[in-house]
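Residue numbering restarts at 1 for every chain, and letters A, B, ... go by the order of the sequence lines. Heavy atoms only: backbone and side chains are in, while hydrogens, waters and symmetry mates are out.
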Amino acid sequence: MEDNLVIVESPAKAKTIEKFLGKQFLVKSCFGHIRDLVKKDLGISVEDGFSPVYEVSPDKKKVVSELKKLSKPVKTVWLASDEDREGEAIAWHLVETLKLDEKKVKRIVFHEITKDAIQRAVKNPRGIDYNLVNAQQARRVLDRLVGFELSPVLWKKIKPALSAGRVQSVAVRLIVDREREISSFKSTSSYRVTAIFSISDNGKETEFKAELSQKFDTKEETIKFLKKCVNAQYFVKDVITKPAKKSPAPPFITSTLQQEASRKLGFSVSQTMSVAQKLYEAGKITYMRTDSVNLSDLAISTIKNEIEEKYGEQYLKIRKYKSKIKGAQEAHEAIRPSYINKHSVDGPNTEKRLYELIWKRTIASQMSDAKLEKTSATIDISTTKEDFIASGEVLKFDGFLKVYFESKDDETENGENGKTMLPILNVNDKLTNIVINGTQRFTHHPPRFTEASLVKKLEEQGIGRPSTYAPIISTVQNRGYVLKDVREGVKRDYCVLTMADKNLSENIKTETTGMEKAKLFPTDIGMVVNDFLVEHFKNIMNYNFTAKVEKQFDEIASGKMKWNKMIEDFYNPFHKKVESTTETATKNKGERLLGVDPKSGKNIYVKIGRYGPLAQIGEMTDEDKPKFAGLRKDQSIETITFEEVLELFKLPRNVGKYEEIDVTIGLGRFGPYIRHKSLFYSLVKDVDDPLTIELDRAIELIEDKREKDRKKVIKIFEEDLELKLLNGRWGPYVSFEKKNYRVPKKIDAATLSYQDCLDLIKNAPPPKTKRRK
DNA sequence: CAGTGAGCGAGCTTCCGCTTGACTT
């Protein structure tokens, strides 16, 4: 029997630590928080100093009873949860829930999982830090109060089942604000002038590119300039050469790993986390939910060996990085390979690639700067005062670039800027001009957020924690506030003026612009909810709200403030505002009056309906019912035009009768359809237009589908016409009472009898538990 | 899984952070 029970948060960590501690220590994991506020109601006694009402989370009942049993006989229970607010609270909840005698409890902390660090921790135990626990309780209670008081206001004023919270609502606001910036953005164009020169060196001609020091607003100005160049002479007026350097990025933390995996590997935020989890569980990397850029001394010394051996001493530069993150709690190390000398891992491709990324970033963080030489040459034009500038960059020493280079979010559209090498240029060198181009360039609206760039923004504001970035991204999408979507680009003409051989020519070229892939768009619901919250709860929707309360949590943690006092000061005015808003605020359906219907003379509105955004003609009165039409997926209440709404009401159309029954054309969730005898037939994409399709073609499509369906049927049975044996996408199946049952592969479906089918249904595997939405 | 859309009132929804599996096609 062991004398000691050690409890950590993660099972993978438990496994590692057990090896370091020896036989007298049993190491177990509690899997994070074991207790939380009761689920069914507020879970806070507001009248009683906001005292929280806790319960053991249902999925932790087993863990708790096991830990309770194991903790009874041991002499000492070591609580080794993380050294941050949440970790301290977990330790305290363990004491309370397991009913541990505080005399036999020792609280220990370590930031890195090495033998040294753990043995040191065991020699320096302490008690529970109740100030830190109270800071966590304040955080928890505040979030519950905000979430559970704001959400019901939305149910009453906008739509049921909506949600609001300190973190998610601000995340949505970032996306809504950005979208509005984009829609009010006016693109302007200017002309960028570039030239190709050549210089002769011992009879050898070398060409290089230069750009005019100024841009022109109009085509006329550009033409005027180009004409001035017809008979110009060019020479090098000035050459400046400057040394420059680039430094490596710090080791990965959760947010930077998510960003780089998104940019370099195209992973979504949640994909990155699940791949990293696998690597962590296999002991290949350190913990992946961290906000610390710190590397353990042991890690640094093995990195040092690795760099010296593989690249040489001149590539080594040991660096200590400091966290720049507001409110970083630094309970762990940075994300790095567990064993630096392991350059790659076996397993799925995703794991290999993510591991490689982590390995490179870790190594590069301890390597020397890259040294560059930047050259800028000014080229005089004899006929006018403007100058051309040719800039070039030469890598003198690659340093960390040998291993790794961090990507940027806003890679410029034409990545040809600067990175080129120039020929050797000297002052007074004469140059020959080959060509000059004046190219029309348009300004771009600010970019929409990707999952990863939203995480970056949230982190900068101190909103959310490493363990919650991925869940936040899914919450705002699951609630229907935000949509990850693709936007096709639009074609745009631009003008290129070319001066070559003393000839000015003009070309119109076409580019595709504004293509967006996997970007975050606010939905209509998202915008209406956001505007409502901003109007009535400015304080909470302020980007600084989290930073402000974090400061107060810190004061609680350092014992300078009482947690229930802090909550009270927040709650009193907040609760009043909730009550007054519930009472007085008008219902907000995002309604917008677009104009008057030319046919009926009634008003046309767009607003949020029970099933999403809709357009409406006329109002509900006793004798009159309005006409409705749903908005399409790519339309929004905010930007849809009057003409586009009229277009929506052209469907459904009646195109005539077939087999004495009306045939109508409509537009549904899955695109345009034909409806006949309450059956649906899809139109063919890019062939049939729902607004113009006629009866003959509709009948053709109906007959096509009927023919296909006939082929689908393997057998029907006279005993029960509702039971059908059909051929489907995944092979033969039995269709009965709107449910489908697979025919096992071994059986030849054509041989089945009615009774066989009934048996198949009876013996079908029980319906698996439903997937959560 | 395509159609709907008022208003009433039943009963329901909802937060953030800490951890993993257990699910589906």
Touch class at under 4.0 angstrom, heavy-atom based, for Ala164(A) against every strand present: sugar-phosphate
N or O in side chain of Arg139(A) less than 4.0 angstrom from dC18(B) OP1/OP2: no
dC18(B) pyrimidine/purine six-ring stacking with Phe31(A), under 5.5 Å and 30°: no
Thr468(A) side chain near dG17(B) phosphate (N/O to OP1/OP2, under 4.0 Å): yes
Short side-chain N/O contact to dC18(B) OP1/OP2 from Ser467(A), under 4.0 Å: yes
Out of dA2(B), dC15(B), dC16(B), whichever nucleotide has its closest atom nearest the side chain of Arg166(A): dC16(B)
Sugar-phosphate, base or nothing in reach of Gly165(A), heavy atoms under 4.0 Å: sugar-phosphate
Sugar-phosphate only, base, or nothing, as touched by Gln168(A) at under 4.0 Å among non-hydrogen atoms: sugar-phosphate
Sugar-phosphate, base or nothing in reach of Pro152(A), heavy atoms under 4.0 Å: base
Heavy-atom check, side chain of Met566(A) versus side chain of Phe553(A), under 4.5 Å: yes
First of Leu42(A) and Glu86(A) reached from the 5' end of DNA chain B, by closest nucleotide: Leu42(A)
N or O in side chain of Ser10(A) less than 4.0 angstrom from dT20(B) OP1/OP2: yes
Interface residues of residues 57-68 of chain A with DNA chain B (non-hydrogen, below 4.0 angstrom): none
Side-chain N,O (Arg465(A)) to OP1/OP2 (dC16(B)) below 4.0 Å: no
Arg85(A) side-chain N/O to dC16(B) phosphate OP1/OP2 under 4.0 Å: no
Note: Glu149(A)-Arg144(A) ion pair, threshold 4.0 Å (strictly below): no
Sugar-phosphate, base or nothing in reach of Val167(A), heavy atoms under 4.0 Å: sugar-phosphate
Aromatic ring pairing His676(A)/Tyr681(A), orientation class (parallel under 30°, perpendicular over 60°, tilted between): tilted
Residue Arg140(A), side-chain atoms from C-beta onward, closest of dG3(B), dC15(B), dT20(B): dC15(B)
Arg465(A)/Glu86(A) salt bridge by N-O under 4.0 Å criterion: no
From CD1 (Ile128(A)) to NE2 (His93(A)), nearest 0.5 Å: 10.5 Å
5′-ward residue of the pair Tyr280(A)/Arg144(A) relative to DNA chain B: Arg144(A)
Worked check of salt bridge (Lys or Arg N to Asp or Glu O under 4.0 Å) between Asp143(A) and Arg166(A): CA-CA 6 Å; Asp143(A) 283 338; Arg166(A) 172 177 61 84; 2.6 Å; yes
Sugar-phosphate, base or nothing in reach of Leu37(A), heavy atoms under 4.0 Å: nothing
Phosphate OP1/OP2 of dC15(B): any Arg479(A) side-chain N/O under 4.0 Å: yes
Distance in angstrom units between Ile44(A) CD1 and dC15(B) C1', rounded: 10 Å
Whether over 12 other heavy atoms sit under 6.0 Å from Lys278(A) NZ: no
Any Gln277(A) side-chain nitrogen or oxygen under 4.0 Å from OP1 or OP2 of dT20(B): yes
Under 4.0 angstrom between Tyr287(A) side-chain N/O and dT19(B) OP1 or OP2: yes
Atom pair CZ/CD1 of Phe649(A) and Ile617(A) - distance to nearest 0.5 Å: 4.0 Å
Do any N or O atoms of the protein come closer than 3.5 Å to N or O atoms of nucleotides 4-7 of chain B, and which pairs are they?
unit_1, atom_1, unit_2, atom_2, d
dT4(B), O2, Tyr611(A), OH, 2.9
dG5(B), N2, Tyr611(A), N, 3.3

